[in-house]
Chemist: 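Got a structure for you, questions after.
In the text below, chain A, chain B and the rest are named by the order of the sequence lines, each starting its count at 1.
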Amino acid sequence: MRLSRFFLPILRETPKEAEIMSHRLMLRAGMIRQESAGIYAWLPLGLRVLNKISAIVREEQNRAGAVELLMPTVQSADLWRESGRYDAYGKEMLRIQDRHDREMLYGPTNEEMITEIFRGYVRSYKDLPLNLYHIQWKFRDEVRPRFGVMRSREFLMKDAYTFDIDQAGARHSYNRMFVAYLRTFARMGLKAIPMRADTGPIGGDLSHEFIILAATGESEVFCHADYLDYDTPAVDTDFDNAEGLQGLVDKWTALYAATSEMHDVSAYEAVPADKKMSARGIEVGHIFYFGTKYSAPMGAKVMGPDGKDHDVHMGSYGIGPSRLIAAIIEASHDENGIIWPESVAPFDIALLNLKAGDAATDEACNRLYRELSAAGRDVLYDDRDERPGGKFATADLIGIPWQVVIGPKGLADGNVELKHRATGDKQVVPLGEVVSRFAKRG
RNA sequence: CGGAGUGUAGCGCAGUCUGGUAGCGCACCACGUUCGGGACGUGGGGGUCGUAGGUUCAAAUCCUAUCACUCCGACCA
């Protein structure tokens, strides 16, 4: 992409309403624009990151055996009356009427709808287990949206729903998502710690919030420091191996980790002093098992091997890609701007032409732009007629992992400069070697 | 939903107390000099002062209503 033809409305000054760093940087980098309280337009740079994150979520969901579909944003109130939640949900639900005065709502979540879909087709235990998910916009009319996309009213959410014949099956389904989540967040460069969460009236131990530690986190968390050193489950993890998965989950839940709502002071006291970690955290995922809470009232049952009907055991599993963007920025930035992990960066390489209009630099840049693009790299080519300082500042602000800097001075010796955004390391590289350097990294 | 604020050019702000017909910095446009970490000069464009009433010879400024947004608290992916 040539910057001269892209739409990147960066701001030099910080809009006053932005309190936390991720919100400031997203506004300054031209990623989002507020359209209403807690409602944002995604500008091209922001959308690129959002799509990268969704792609990782999708890959890991699929790997764990989940199947993607897409449900609508607008739902019928009648559906929610079946579960009793139409009245129970309260003012957070955005209620609307269509032209026939039918009561509709903008979905805050999809348990009712997925249960309706399930019961319409699935009749036998032989069709289980089943895990269906979608990535769709949700709306929750928060009393006080704030912190940009961290707590917005409209937000993108991946929500998966599992169906099993019994609780043992549901536990395996739960564990699949548990491990998929560990992999998902790790791929985005995040250290997410699963913390025991409130299961409400269902009880049991099958509910976890995945928390990223960050100074600006909304909730106070307490955990054992060893979690930070744990290895991510391998890419070839066998998700059909129930014992193997249980072992992984056991390992990741053995040590103490809880948010303030679930904090158990005496259990925390048992953590060795040098391992005690008290910090603030951002919730980026939440998984839980809720049994037959929706299947029973809504009549989602299947015939079991015993020839009898069974209410299916369900669970739901959420990840907020839009919130994740803010969480990643909170965890990865410096005074100059965002530092994207390579896996979610909007572009792989920023190609800076320090003297647009100069025949030699133009030619070298054009060639590199073509060759890097052909090698499968997403390149943002800053071909604008701007001063070098502005180009450096822009590239740093929007956080592209690598900067290839081409100016007349270096080019006279056949060299370009390669800068790594995260470390600030700069090295001089012969022009002819740039493409091979990046080809290897893929 | 309780409490506190703010709405003046794309962004950040002054002007409001004490009414006299709107200004500064950045950004934007033109020309020139510049050009390896956010240059400088000259000239220029852009605002029904959130909206609606009212008071007044005269309202960004005073009064009333209303809308939007932000912050603190309670609540939440």
Side-chain angles (χ1 to χ4, degrees), chain A residues 9-20 23-24 27-28 30 33-39 57 89-93 107-111 135-160 181 192 197-198 207-212 217-219 259 261 281-288 316-327 335-337 352-358 361 382 384-397 403-413 415-417 419 424 426 428:
Chain A
I10 64 162
L11 306 176
R12 255 176 103 151
E13 291 173 87
T14 305
K16 62 177 174 182
E17 72 270 16
E19 286 287 304
I20 64 171
H23 190 194
R24 291 181 179 184
L27 290 169
R28 286 199 54 213
R33 178 177 178 82
Q34 179 167 323
E35 292 297 341
S36 195
I39 300 177
V57 169
Y89 214 91
K91 289 188 171 179
E92 282 204 345
M93 180 185 281
T109 179
N110 286 67
E111 277 86 3
I135 299 176
Q136 177 63 288
W137 294 94
K138 305 288 193 292
F139 194 94
R140 291 183 192 171
D141 201 357
E142 297 284 344
V143 193
R144 182 146 106 86
R146 60 181 129 174
F147 302 148
V149 298
M150 184 82 84
R151 191 174 315 161
S152 51
R153 294 197 292 172
E154 187 182 55
F155 57 97
L156 189 62
M157 180 164 154
K158 184 286 300 183
D159 39 327
Y181 274 37
D198 191 1
S207 178
H208 288 88
E209 293 179 0
F210 287 76
I211 303 275
I212 305 298
E218 62 215 319
S219 44
T259 59
E261 305 92 68
I282 302 170
E283 180 183 348
V284 291
H286 192 171
I287 62 178
F288 62 101
S316 75
Y317 313 84
I319 292 181
S322 49
R323 164 180 278 198
L324 262 172
I325 294 188
E335 63 280 4
N336 295 321
L352 308 189
N353 184 343
L354 293 193
K355 193 164 184 177
D358 177 275
T361 58
D382 192 344
R384 298 171 304 164
D385 183 16
E386 292 288 332
R387 298 169 58 80
K391 298 197 176 194
F392 290 128
T394 297
D396 285 348
L397 173 64
Q403 295 172 19
V404 175
V405 180
I406 302 187
K409 286 184 188 171
L411 206 55
D413 302 322
N415 293 325
V416 305
E417 184 182 280
K419 178 182 162 184
K426 300 174 186 171
V428 175

Chemist: Between B/rG19 and B/rA59, how far apart are the C1' atoms? Round to whole Å, please.
Modeler: 6 Å
Chemist: Work out how far the P atom of B/rA14 is from that of B/rC24, and round it to whole angstrom.
Modeler: 16 Å
Chemist: With rounding to the closest Å, how many angstrom separate the C1' atoms on B/rC49 and B/rG7?
Modeler: 10 Å
Chemist: Considering only atom P, compute the distance from B/rC76 to B/rA39 and round it to an integer number of Å.
Modeler: 48 Å
Chemist: Under a 3.5 Å limit for both distances, which nucleotide forms a Watson-Crick or G-U wobble pair with B/rA60, could you say?
Modeler: none
Chemist: Can any side-chain N or O of A/R151 pair as donor or acceptor with the backbone N or O of A/P145 at less than 3.5 Å?
Modeler: no
Chemist: Between A/D396 and A/Q403, does any side-chain donor sit less than 3.5 Å from a side-chain acceptor?
Modeler: yes
Chemist: Under 3.5 Å, side chain of A/T394 to main-chain N/O of A/G390, donor-acceptor pair present?
Modeler: yes
Chemist: What is the base-pairing partner of B/rG46, counting Watson-Crick and G-U wobble geometry with both distances under 3.5 Å?
Modeler: none
Chemist: Once each nucleotide of nucleotides 68-74 of chain B is scored for protein heavy atoms under 4.0 Å, what B/S/- sequence comes out, 5' to 3'?
Modeler: -SSBBBB
Chemist: Could you check which nucleotide pairs with B/rC71 in any of the strands shown, counting Watson-Crick or G-U wobble with both distances under 3.5 Å?
Modeler: B/rG3
Chemist: In chain order, what residues pass the ring-ring contact (aromatic ring centres under 6.0 Å, His included) check against A/F155, with sequence neighbours excluded?
Modeler: none
Chemist: Please step through side-chain contact (heavy atoms from CB on, under 4.5 Å) for the pair A/E261 and A/D198, ending with a clear verdict.
Modeler: CA-CA 8 Å; A/E261 305 92 68; A/D198 191 1; over 6 Å; no
Chemist: Quote, to the nearest angstrom, the C1' distance that separates B/rC62 from B/rU56.
Modeler: 10 Å
Chemist: Expressed in whole Å, how much space separates the P atoms belonging to B/rC31 and B/rU16?
Modeler: 40 Å
Chemist: Which atom names give the shortest non-hydrogen contact between A/R24 and A/T14, and what distance separates them?
Modeler: CG-CG2, 3.5 Å
Chemist: For A/E19, enumerate each residue passing the salt bridge (charged side-chain N to carboxylate O under 4.0 Å, His left out) test, keeping only those at least two apart in sequence or located in another chain.
Modeler: none
Chemist: Given that both distances must come in under 3.5 Å, which nucleotide forms a Watson-Crick or G-U wobble pair with B/rA65?
Modeler: B/rU51
Chemist: With A/R384, which residues qualify under salt bridge (charged side-chain N to carboxylate O under 4.0 Å, His left out), at least two apart?
Modeler: A/D382
Chemist: For B/rA65 versus B/rC57, give the span between their P atoms, rounded off to a whole number of Å.
Modeler: 24 Å
Chemist: Mind checking the C1' distance from B/rU70 to B/rG50? Whole angstroms is fine.
Modeler: 15 Å
Chemist: B/rC13 pairs with which nucleotide, Watson-Crick or G-U wobble, both distances below 3.5 Å?
Modeler: B/rG23
Chemist: Have a look at A/S316 and say if it touches a base, only the backbone sugar-phosphate, or nothing, with a 4.0 Å heavy-atom cut-off.
Modeler: nothing
Chemist: Between protein and nucleotides 25-38 of chain B, map the contacts as a letter string: B base, S sugar-phosphate only, - none, heavy atoms under 4.0 Å, written 5' to 3'.
Modeler: B-S------BSBBB
Chemist: Tell me the partner of B/rU18, counting only Watson-Crick (N1-N3 plus N6-O4 or O6-N4) or G-U wobble (N1-O2 and O6-N3) with both under 3.5 Å; none if nothing fits.
Modeler: none
Chemist: Do you know the tightest heavy-atom contact between A/D141 and A/K91?
Modeler: CB-O, 3.6 Å
Chemist: With RNA chain B as reference, determine whether A/R33 or A/G318 sits nearer its 5' end, using the nearest nucleotide of each.
Modeler: A/R33
Chemist: With A/R387, which residues qualify under salt bridge (charged side-chain N to carboxylate O under 4.0 Å, His left out), at least two apart?
Modeler: none
Chemist: Classify A/T109 by what it touches in the nucleic acid, base, sugar-phosphate, or nothing, heavy-atom distance under 4.0 Å.
Modeler: nothing
Chemist: Quick one: look up who B/rC31 pairs with, Watson-Crick or G-U, both distances under 3.5 Å, and put none if it's unpaired.
Modeler: B/rG41
Chemist: Determine the contact category for A/K138: base if any of its heavy atoms lies under 4.0 Å from a base atom, sugar-phosphate if only primed atoms, P, OP1 or OP2 are that close, otherwise nothing.
Modeler: nothing
